[in-house]
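Comments concern the structure below.
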Number of protein chains: 2
Amino acid sequence: MLNDSLLPKHVQLRAALLKTIEEDLQPGAMIPSERDLTTRYDVSRATVRAAISSLVNEGRLTTVPGRGTVVTRPRVESNLHLASFTQDMRQRGHRPSTEVLSAAVVEAGEATAKALGIGAGDPVWEIERLRLADDEPMAHEVSWYPEAIVPALGDEDLSGSIYAILEATYGVVITDAQQTTWAEQAGHTYAHLLEVAETAPVMVFDRVGSSNDGPVEQTISRYRGDRYQLSMSLQRGPSAR
Amino acid sequence: MLNDSLLPKHVQLRAALLKTIEEDLQPGAMIPSERDLTTRYDVSRATVRAAISSLVNEGRLTTVPGRGTVVTRPRVESNLHLASFTQDMRQRGHRPSTEVLSAAVVEAGEATAKALGIGAGDPVWEIERLRLADDEPMAHEVSWYPEAIVPALGDEDLSGSIYAILEATYGVVITDAQQTTWAEQAGHTYAHLLEVAETAPVMVFDRVGSSNDGPVEQTISRYRGDRYQLSMSLQRGPSAR
DNA sequence: CATTCTCACTGGTACGTACCGGATCGTACC
DNA sequence: GGTACGATCCGGTACGTACCAGTGAGAATG
């Protein structure tokens with residue numbers, strides 16, 4: 001039945017099961033019992049269990065002692081992914097808008113230069129924007145992009161997604177980012193911009209976005225603590241000592 | 001050798017291995033061979049392999065065909081993972097300690113009951129702890145665990161990792177969690193506990209930890225904004241609209 | 001002395017058996 | 001008609017055997 005090849009049987013069986021649960025079965029449906037599968041595919045139960053446990057481990061199947069093994073209902077998408085402010089707000093049910101505060105070429109500071117892998121003092125576009133949701137301030141953002149990568153960024157309409165401009169005009173696709181977040185008091189400057197008290201808490205994000213060719217963007221955002229929250233899923237990872 | 005006993009042997013063996021790789025072995029060191037472990041603990045090789053593969057799955061061990069099984073070198077990157085406070089602080093170079101403020105069985109609130117998949121009013125252990133790093137307050141934590149799962153939690157030493165207790169005593173392994181975070185002002189209660197101003201910003205985490213059998217824990221933590229930050233990597237999700 | 005070969009040992013694969021406790025359902029008994 | 005029992009399914013646990021393909025150290029060879 002199996003043995004098309006050099007692949008271990010439990011790997012082949014795994015693939016076969018995956019195919020059936022994707023094509024023929026609905027979430028919540030039961031797959032054949034382990035003992036049934038042993039005769040169907042003419043393998044031992046240990047092999048069947050190896051295949052199944054691999055799929056259980058990836059969250060595709062769930063075992064229920066005494067009943068059987070069922071196809072897992074697909075999980076709601078993890079909320080933590082790389083999205084532009086615009087996408088993010090729409091997904092949360094808000095109407096996003098943007099106020100461009102400034103856009104100019106400046107010399108890269110030390111931290112920015114290091115983050116972007118360029119020299120300190122190299123020219124970078126500095127874009128400062130206020131982000132609104134339903135016409136109320138949600139976040140303040142300052143972003144830096146190397147001029148060498150996006151020479152004419154200032155000519156574009158910066159009230160929308162800069163990621164879209166990068167992609168359409170410069171063929172640069174930001175595929176992943178690393179960000180650090182912490183909590184601060186708004187303070188003089190941002191209290192005014194965000195229309196909150198000076199002692200109001202804000203969530204600060206320091207993000208470096210990268211394309212396949214390396215870092216492209218650094219952004220420091222300050223979100224109003226009273227209007228923003230972030231959800232994420234955690235797995236027990238390799239470094240979960 | 002094993003058989004303390006209500007727990008399956010491979011779970012006990014898993015715990016035993018985890019202890020040795022945490023206490024006696026350096027990253028990169030090899031653990032005894034599978035056949036060696038069968039005689040040491042007087043179990044079958046299948047049992048040994050079950051214990052090992054569970055640890056491999058969580059990234060604590062790595063198997064090398066023809067050579068052996070080695071303790072995984074912890075990676076410094078990927079800062080966003082499921083880790084206990086103790087683990088987290090050690091990784092950040094701090095010396096963690098804990099002050100247990102209270103531990104009692106209470107009736108589950110509505111939000112907690114919903115998160116844990118139990119009935120409102122069902123008995124849950126409520127553990128309130130102050131977490132210190134280098135003897136200074138870092139975070140305040142309140143956790144809830146269903147009494148049905150951990151009947152005698154109050155008898156344990158709660159100044160360390162509760163995850164470790166869950167695993168060692170109850171055979172419950174928290175493998176993943178969903179958490180939401182936002183920024184707040186410390187306020188009366190927490191300002192005093194965390195030794196900061198009432199207007200000082202804190203990062204709040206509302207986390208639900210789950211084992212393979214479902215939710216086990218809800219924890220609400222408040223971290224001092226001036227002492228804590230969170231790093232994470234973002235990928236462009238499947239629907240990168 | 002350098003190379004090659006052998007061989008013990010590793011994890012990986014695959015088979016078999018056996019028994020347990022939980023779930024389900026039909027059936028026999030009040 | 002409702003309850004209790006038992007047969008029978010399920011996955012979970014645990015044991016055993018056997019062989020394979022890499023690895024690596026030491027022996028045999030050049």
Side-chain angles (χ1 to χ4, degrees), chain A residues 1-17 21 25 28-72, chain B residues 1-17 21 25 28-72 148-149 167 170-173 175 211-214:
Chain A
M1 183 66 91
L2 294 179
N3 262 331
D4 309 347
S5 69
L6 342 104
L7 258 51
K9 286 192 186 177
H10 69 263
V11 174
Q12 296 179 45
L13 178 53
R14 189 203 117 94
L17 288 176
I21 72 180
L25 295 177
M30 292 204 352
I31 67 170
S33 79
E34 297 179 355
R35 289 168 179 84
D36 189 353
L37 289 171
T38 63
T39 59
R40 282 200 204 201
Y41 291 95
D42 192 28
V43 293
S44 74
R45 192 163 159 228
T47 305
V48 170
R49 285 182 60 80
I52 288 180
S53 76
S54 139
L55 290 168
V56 168
N57 242 307
E58 292 171 19
R60 309 293 301 253
L61 293 176
T62 307
T63 58
V64 186
R67 297 212 1 88
T69 301
V70 300
V71 179
T72 307
Chain B
M1 185 64 92
L2 294 180
N3 263 329
D4 306 348
S5 75
L6 331 126
L7 261 49
K9 286 192 186 177
H10 68 264
V11 174
Q12 296 180 44
L13 179 53
R14 189 202 119 94
L17 288 176
I21 72 181
L25 296 176
M30 290 201 358
I31 68 170
S33 78
E34 295 179 357
R35 288 167 179 86
D36 189 353
L37 290 171
T38 63
T39 60
R40 283 199 202 201
Y41 291 94
D42 192 28
V43 293
S44 75
R45 195 168 157 220
T47 304
V48 171
R49 284 182 60 80
I52 288 179
S53 76
S54 138
L55 291 168
V56 168
N57 242 307
E58 290 172 21
R60 311 289 303 254
L61 294 176
T62 308
T63 58
V64 185
R67 295 209 8 81
T69 302
V70 300
V71 180
T72 307
I149 298 182
E167 198 168 333
Y170 299 101
V172 174
V173 181
T175 54
S211 73
N212 290 330
D213 299 327

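Chain letters run A, B, ... following the sequence lines, proteins first and then strands; every chain starts at 1.
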Set of residues satisfying side chain to side chain donor-acceptor pair (under 3.5 Å) with respect to B/Thr38, sequence neighbours excluded: none
Closest non-hydrogen atom pair between A/Ala51 and A/Leu17, with its separation: CB-CD1, 4.2 Å
Kindly write out the residues that satisfy side-chain contact (heavy atoms from CB on, under 4.5 Å) with A/Val11, not counting sequence neighbours, or none if the list is empty. A/Leu7, A/Pro8
Write out all pairs satisfying salt bridge (charged side-chain N to carboxylate O under 4.0 Å, His left out) with one or both partners inside residues 46-56 of chain B, taking only residues at least two apart or from two chains. B/Glu34-B/Arg49
Test side chain to side chain donor-acceptor pair (under 3.5 Å) applied to A/Asp36 - qualifying residues, sequence neighbours left out: A/Arg40
CG of B/Leu17 versus P of C/dG11: gap in Å, rounded? 12 Å
Check the distance between C/dA14's C1' and A/Tyr41's OH and give it to me in whole angstrom. 18 Å
Distance in angstrom units between B/Leu61 CG and C/dT10 P, rounded: 16 Å
Considering only nitrogen or oxygen atoms on both sides, find all protein atoms under 3.5 Å from nucleotides 7-11 of chain D and state each distance.
residue, atom, partner, partner atom, Å
D/dC10, OP1, A/Ser33, OG, 3.0
D/dC10, O2, A/Gly66, N, 3.4
D/dG11, OP1, A/Thr69, OG1, 3.4
D/dG11, OP2, A/Glu34, N, 2.8
D/dG11, N7, A/Arg35, NH1, 2.7
D/dG11, N7, A/Arg45, NH2, 3.3
D/dG11, O6, A/Arg35, NH2, 2.9

Mind checking what makes side chain to side chain donor-acceptor pair (under 3.5 Å) contact with B/Thr62, not counting sequence neighbours? B/Thr72
Round to a whole Å and report the spacing from CG of A/Leu7 to P of D/dC20. 19 Å
Among D/dT13, C/dC15, D/dC15, which nucleotide sits nearest the side chain of B/His10? D/dT13
Would you indicate, yes or no, if C/dG12 has its OP1 or OP2 atom less than 4.0 angstrom from a side-chain nitrogen or oxygen of A/Lys9? no
